Amino acid sequence: MKCLNKFILALTMTAVSGQVMAADACQHKNEFTNYVNPWIGTGGHGHVFLGANVPFGVVQLGPTEHTHGWDWCSGYHISDSVLVGFGHTHLSGTGIGDLGDIGFLPVAHCSATETKFSHANESVRPGYYAIRLQQPNVFVELTATKRVGFHRYTFGADNHKGMLRIDLRQGTGWDNWRKSGFSVESPTMVTGFRQSSGWARNQHVFFAAEFSTPVKVKKQVGDSIMVLTFEDISKPVMVKCAISAVSVEDAKANLKTELPGWDFKATVAAANQAWNDELGKIDVDTDDETVRTIFYTALYHTMTAPSVFSDVTGNYRGADGKVHHGDFTNYTTFSLWDTYRAAHPLMTLIHPEKQKDMAATFQHIFEQQGKLPVWHLMGNETDCMVGNPGAAVLADMVLKGFVTDKEAAFNAMKTSAMLDERSMDLLKKYGYLPYDKDSAFQTVAKGLEYALADDCIAKVAKMLGKKADYKYFYNRSRGYKHYFDRKTLFMRGRGSDGSFHEPFNPFKSVHTADDYTEGNAWQYTWLVPHDVHGLVSLFPSEKRFVEKFDSLFIVSGDMGAEASPDISGLIGQYAHGNEPSHHILYMYNYVGQPWKAAKLLRQTMSELYFNDFDGLSGNEDVGQMSAWYVMSSLGLYQVEPAGGKYIIGSPLFNEAKVNVGGGKTFTVKAHNNSKDNIYVQSAKLNGKPYAKSYLMFQDIVKGGVLELEMGNQPSAWGTQIKNRP
């Protein structure tokens with residue numbers, strides 16, 4: 001497969017060079033976008049979006065393929081060769097397919113619904129996508145602003161029809177069309193709407209499409225499909241399509257404000273510059289160009305979402321389904337079960353200017369639906385995955401100083417954690433989730449996720465001086481201990497009578513129908529990132545903990561035929577391809593053995609991330625898989641979900657400069673760094689000796705320099721108890 005991938009990659013890279021030049025997208029050596037390879041993750045189980053967008057834009061304009069299925073959750077997979085259209089919305093790296101709204105497709109005849117294509121004729125770079133279609137003969141180019149998709153169609157000399165199909169039925173994966181409508185408002189303006197249900201149960205997308213040449217309706221099928229012909233195809237035909245979740249009028253406002261002219265070249269350049277500005281927030285020095293490409297592609301993938309979900313008017317569709325007006329930027333696409341782990345801690349460092357609006361979005365979602373977001377999409381609560389990850393993310397923003405109204409934030413967290421839904425009624429009654437009382441299964445995973453979120457809430461309560469609330473949530477956060485079996489040394493399901501679930505096999509996993517979520521006992525025993533020392537204390541000794549922990553990375557066993565495909569990227573039973581494992585390697589620092597973490601970190605970064613289509617070990621999961629790489633390659637990772645304690649690992653780069661906002665830069669220098677010199681020998685922070693194996697958020701955002709002396713042998717650095725996290 002990799003040989004085939006490399007062959008296709010060579011073809012597509014050749015196409016990229018030629019087609020981007022055709023789009024006049026100038027490249028310069030100092031542009032960070034030159035190091036992005038958007039193809040990474042389009043094969044295997046990466047599920048990444050491929051197309052044209054700008055950082056955090058709601059418009060993600062790109063190809064939607066004919067095939068539906070798990071590996072087509074983004075609407076695209078490198079193995080496919082049939083297009084059904086170019087949709088204006090997509091998801092990136094999710095495990096469920098949705099969106100794909102407002103599909104455009106040049107067609108050779110009125111009845112055509114799809115077209116074959118070759119990947120050798122595609123090209124893509126940040127903010128730009130192009131493909132040469134054979135039937136019909138047309139060169140398609142796409143770019144975007146935050147709320148507007150910009151198309152340019154150059155028809156071949158043998159193409160005399162110039163037809164464009166607009167399909168409002170078309171969606172991705174589990175998306176189901178409900179109703180839609182068109183309005184031809186003028187010879188150059190078509191508007192309409194699409195309402196659908198899927199992962200997000202009630203989705204509204206309105207659009208306003210303006211054409212550079214007059215159009216005529218060649219064919220219309222009900223209120224969902226329209227085929228247009230163009231008055232003049234002797235020159236490139238351009239289409240600007242703005243979207244809104246509120247109304248056609250707001251879509252028009254988005255169009256007028258963001259893209260008033262017809263300069264395609266300038267729009268491509270502006271999109272490139274928007275990406276360059278964001279990618280340039282981290283400047284790395286490395287002699288390994290492949291690593292540089294993997295890094296900047298990962299950073300690029302972290303900025304596909306959250307997506308802007310309010311119009312230039314300030315209007316947005318809220319979590320209650322109603323239209324609201326706000327003085328903040330509202331966001332959507334929060335894959336929080338994934339992203340609380342690394343993507344949001346990364347954002348607090350490099351996107352501090354966005355945190356106020358993120359927090360406001362969380363607060364308004366709470367006010368409109370009665371709880372903080374769990375997995376929010378297009379203004380809808382999907383309730384996907386387990387725990388209260390929204391509380392963890394909001395608490396982190398509070399503790400880092402991004403939230404002004406801390407009382408309101410705490411109320412949102414407390415209220416969300418005290419509901420009776422999603423098994424929390426059992427948690428309040430028993431102090432844990434009995435497997436024999438919960439028909440939804442996954443009690444260990446849910447219980448551990450609730451515990452870590454409760455710890456985040458407790459931290460905020462302590463900050464605010466709420467002693468009773470602090471005690472309650474602190475005690476509940478230690479409820480993870482109920483699941484620990486001191487005989488087997490695993491986290492296990494427990495019944496209402498206190499007995500452990502039998503029979504028990506720590507390797508076996510049954511997707512959505514056992515005590516864990518997309519994992520097994522080997523992977524979930526370590527999901528106590530908020531109280532690592534408390535977890536260690538459950539073992540007979542620290543030595544016994546380390547022995548068990550060491551074995552995680554070497555044991556092997558049969559997970560069974562019903563195991564989730566998400567359990568991937570295995571090193572022993574460590575499953576890097578799924579998020580519950582992402583903090584695990586850094587737990588070595590907590591027991592004074594950071595050199596063991598360093599070895600495994602380098603192995604994971606080198607073996608489970610590739611400059612290839614199948615370049616990810618699991619789903620991208622809306623930026624989390626890539627955020628882990630970004631943070632780990634910098635040598636920093638926040639294990640505890642809230643509070644800002646970043647564990648020092650093993651940086652890949654000789655030097656990395658991180659723009660932390662306010663004109664300040666934090667630099668990580670790794671002296672004598674190499675593939676062999678992976679162990680920290682000593683450290684200095686702002687020129688002074690530094691013995692701790694972690695940094696606090698405030699140390700980083702003040703700006704400064706962390707210097708690490710690297711070597712090829714483990715050292716005593718970070719091993720003393722007083723220097724551990």
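Just so it is clear, the model here is predicted, and its values are computed rather than measured. All residue numbers refer to positions in the sequence shown, counting from 1.
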Query raised in the report: Parallel, tilted or perpendicular: which fits the ring planes of Tyr129 and Phe86, with parallel below 30° and perpendicular above 60°?
Result: tilted

Query raised in the report: Passes salt bridge (Lys or Arg N to Asp or Glu O under 4.0 Å), Lys354 versus Glu278? Steps please.
Result: CA-CA 12 Å; Lys354 291 180 170 58; Glu278 295 293 342; 3.8 Å; yes

Requested in this report: Step through the shown structure and confirm whether more than 12 heavy atoms of other residues, nucleotides or ligands are within 6.0 Å of NZ on Lys146.
Outcome: no

Query raised in the report: Are Glu381 and Lys371 close enough for a salt bridge, meaning some N to O gap below 4.0 Å?
Result: no

Query raised in the report: Just wondering, do Lys437 and Tyr430 contact through their side chains at under 4.5 Å, heavy atoms?
Result: yes

Query raised in the report: Does the gap between the ring centers of His88 and Phe207 come in under 6.0 Å?
Result: no

Query raised in the report: Under 3.5 Å, is there a donor-acceptor pair between the side chain of Lys406 and the main chain of Val398?
Result: no

Query raised in the report: Under 6.0 Å between ring centres, would you say that holds for Tyr316 and Phe328?
Result: yes

**Report entry** Residues Leu527, Tyr480; criterion side-chain contact (heavy atoms from CB on, under 4.5 Å); working and verdict
**Finding:** CA-CA 9 Å; Leu527 188 57; Tyr480 70 84; over 6 Å; no

Report task. Just say parallel, tilted or perpendicular for the rings of Tyr331 and Phe334, cut-offs at 30° and 60°. Result -> perpendicular

Query raised in the report: Would you call the rings of Trp628 and His576 parallel, tilted or perpendicular, where under 30° means parallel and over 60° means perpendicular?
Result: perpendicular

Query raised in the report: Is any side-chain heavy atom of Phe309 closer than 4.5 Å to a side-chain heavy atom of His376?
Result: no

Query raised in the report: Any side-chain heavy atom of Ile225 sitting closer than 4.5 Å to one from Arg165?
Result: yes

Requested in this report: Locate the shortest heavy-atom distance separating Ser244 from Ala251; write the atom from each residue and the value.
Outcome: CB-N, 3.6 Å

Query - Listed partners of Lys414 passing salt bridge (charged side-chain N to carboxylate O under 4.0 Å, His left out), at least two apart - result: Asp469

**Report entry** Heavy-atom pair with the smallest gap, counting every atom of Ala144 and Ala271
**Finding:** O-CB, 3.9 Å

Query raised in the report: Looking at CG of Asp338 and CD of Glu620, how far apart are the two atoms once the value is rounded to the nearest 0.5 Å?
Result: 9.5 Å

Report task. Please test Val622 against Leu377 for side-chain contact (heavy atoms from CB on, under 4.5 Å), starting from the C-alpha separation and ending with a verdict. Result -> CA-CA 12 Å; Val622 198; Leu377 177 61; over 6 Å; no

Query raised in the report: Can you find a pair of side-chain heavy atoms, one from Asn578 and one from Gln523, that are under 4.5 Å apart?
Result: no

Report task. Would you please classify the geometry between the Phe117 ring and the Tyr76 ring as parallel, tilted or perpendicular, with 30° and 60° separating the classes? Result -> tilted

Query - Residues, nucleotides or ligands: over 12 heavy atoms within 6.0 Å of Lys429 NZ - result: no

Query raised in the report: Angle class for the His77/Trp72 ring planes (parallel below 30°, perpendicular above 60°, tilted otherwise)?
Result: tilted

Requested in this report: Indicate yes or no: does Asp250 engage Arg147 in a salt bridge with an N to O separation below 4.0 Å.
Outcome: no

Query - Presence of salt bridge, Asp396 and Lys400, under 4.0 angstrom - result: yes

Query raised in the report: Taking all atoms of both residues into account, what is the closest heavy-atom pair of Gly171 and His68, and its distance?
Result: O-CE1, 3.5 Å

Report summary line: CH2 (Trp375) and OG1 (Thr94) are apart, to the nearest 0.5 Å, by 6.0 Å

Report summary line: Shortest non-hydrogen pair, Leu91 vs Phe49, comes out as O-CB, 3.8 Å

**Report entry** Contacts of type salt bridge (charged side-chain N to carboxylate O under 4.0 Å, His left out), residue Glu367, not counting sequence neighbours
**Finding:** none

Query - Derivation and outcome, side chain to side chain donor-acceptor pair (under 3.5 Å), residues Gln442 and Thr517 - result: CA-CA 6 Å; Gln442 306 177 75; Thr517 299; 2.5 Å; yes

Query raised in the report: Charged N to carboxylate O under 4.0 angstrom, Glu449 versus Lys446?
Result: no

Query raised in the report: Which heavy atom of Tyr300 sits nearest a heavy atom of Gly51, and at what distance?
Result: OH-O, 4.2 Å

Query raised in the report: Counting distance only, does the side-chain N/O of Asn254 pair as donor-acceptor with the main-chain N or O of Val312 below 3.5 Å?
Result: yes

Report task. Please report the closest heavy-atom contact between Ser74 and Val48, naming both atoms and the distance. Result -> OG-O, 2.9 Å

Query raised in the report: Is the Phe362 ring parallel, tilted or perpendicular to the His344 ring (thresholds 30°, 60°)?
Result: perpendicular

Query raised in the report: Is there a donor in the side chain of Ser335 and an acceptor in the side chain of Asp621, or the other way round, less than 3.5 Å apart?
Result: no

Requested in this report: Output every pair passing salt bridge (charged side-chain N to carboxylate O under 4.0 Å, His left out) with a member in residues 304-324, not counting sequence neighbours, ordered by first then second residue.
Outcome: none

Query raised in the report: Is there a donor-acceptor contact under 3.5 Å from the side chain of Ser581 to the main chain of Ala575?
Result: yes

Query raised in the report: Heavy-atom distance under 4.5 Å between the side chains of Met303 and Trp275, does that happen here?
Result: yes

Query - Name of the residue among Asp98, Asn176, Asn380 meeting side-chain hydrogen bond (donor to acceptor under 3.5 Å, both in side chains) with Gln203 - result: Asp98

**Report entry** Val82 vs Thr115 side-chain heavy atoms within contact, under 4.5 Å
**Finding:** no

Requested in this report: Only counting residues at least two apart or in another chain, list the ones meeting salt bridge (charged side-chain N to carboxylate O under 4.0 Å, His left out) with Glu210.
Outcome: Lys240

Query raised in the report: How about Ser423 and Thr443: do any of their side-chain heavy atoms sit closer than 4.5 Å?
Result: no

Query raised in the report: Are a donor atom and an acceptor atom from the side chains of Asp175 and Gln170 found within less than 3.5 Å of each other?
Result: no

Requested in this report: With His90 as reference, evaluate Thr64, Asn53, Thr172 under the side-chain hydrogen bond (donor to acceptor under 3.5 Å, both in side chains) test and give the passing residue.
Outcome: Thr64

**Report entry** Point-to-point distance, once rounded to the nearest 0.5 Å, from OH of Tyr629 to NE2 of His582
**Finding:** 14.0 Å

Report task. Decide side-chain contact (heavy atoms from CB on, under 4.5 Å) for Tyr340 and Leu452; before the verdict, give the C-alpha distance in whole Å, the side-chain angles of both, and the deciding distance to 0.1 Å. Result -> CA-CA 11 Å; Tyr340 82 79; Leu452 66 86; 3.3 Å; yes

Report task. Could I get the full list of ring pair (Phe, Tyr, Trp, His ring centres under 6.0 Å) partners for Phe56, not counting sequence neighbours? Result -> His351

Query raised in the report: Which distance, rounded to the nearest 0.5 Å, do you find between the CD of Gln368 and the NE2 of His364?
Result: 7.0 Å

Query - Stepwise side-chain contact (heavy atoms from CB on, under 4.5 Å) test for Tyr450 and Arg422 - result: CA-CA 10 Å; Tyr450 283 138; Arg422 297 184 301 122; 3.4 Å; yes

Query raised in the report: OG of Ser224 to CZ of Arg169: how many Å apart, nearest 0.5 Å?
Result: 4.0 Å

Query raised in the report: Quick one: side chain to side chain contact (heavy atoms under 4.5 Å, CB included) partners of Trp70, sequence neighbours excluded?
Result: His45, His47, Cys73, Pro565, Asp566, Asn619

Report task. Taking the side chain as every heavy atom from C-beta outward, state whether Thr348 and Gln355 have any atom pair closer than 4.5 Å. Result -> yes

Query raised in the report: Taking Glu407 for the side chain and Ala409 for the main chain, is one N or O donor matched with an acceptor at less than 3.5 Å?
Result: no

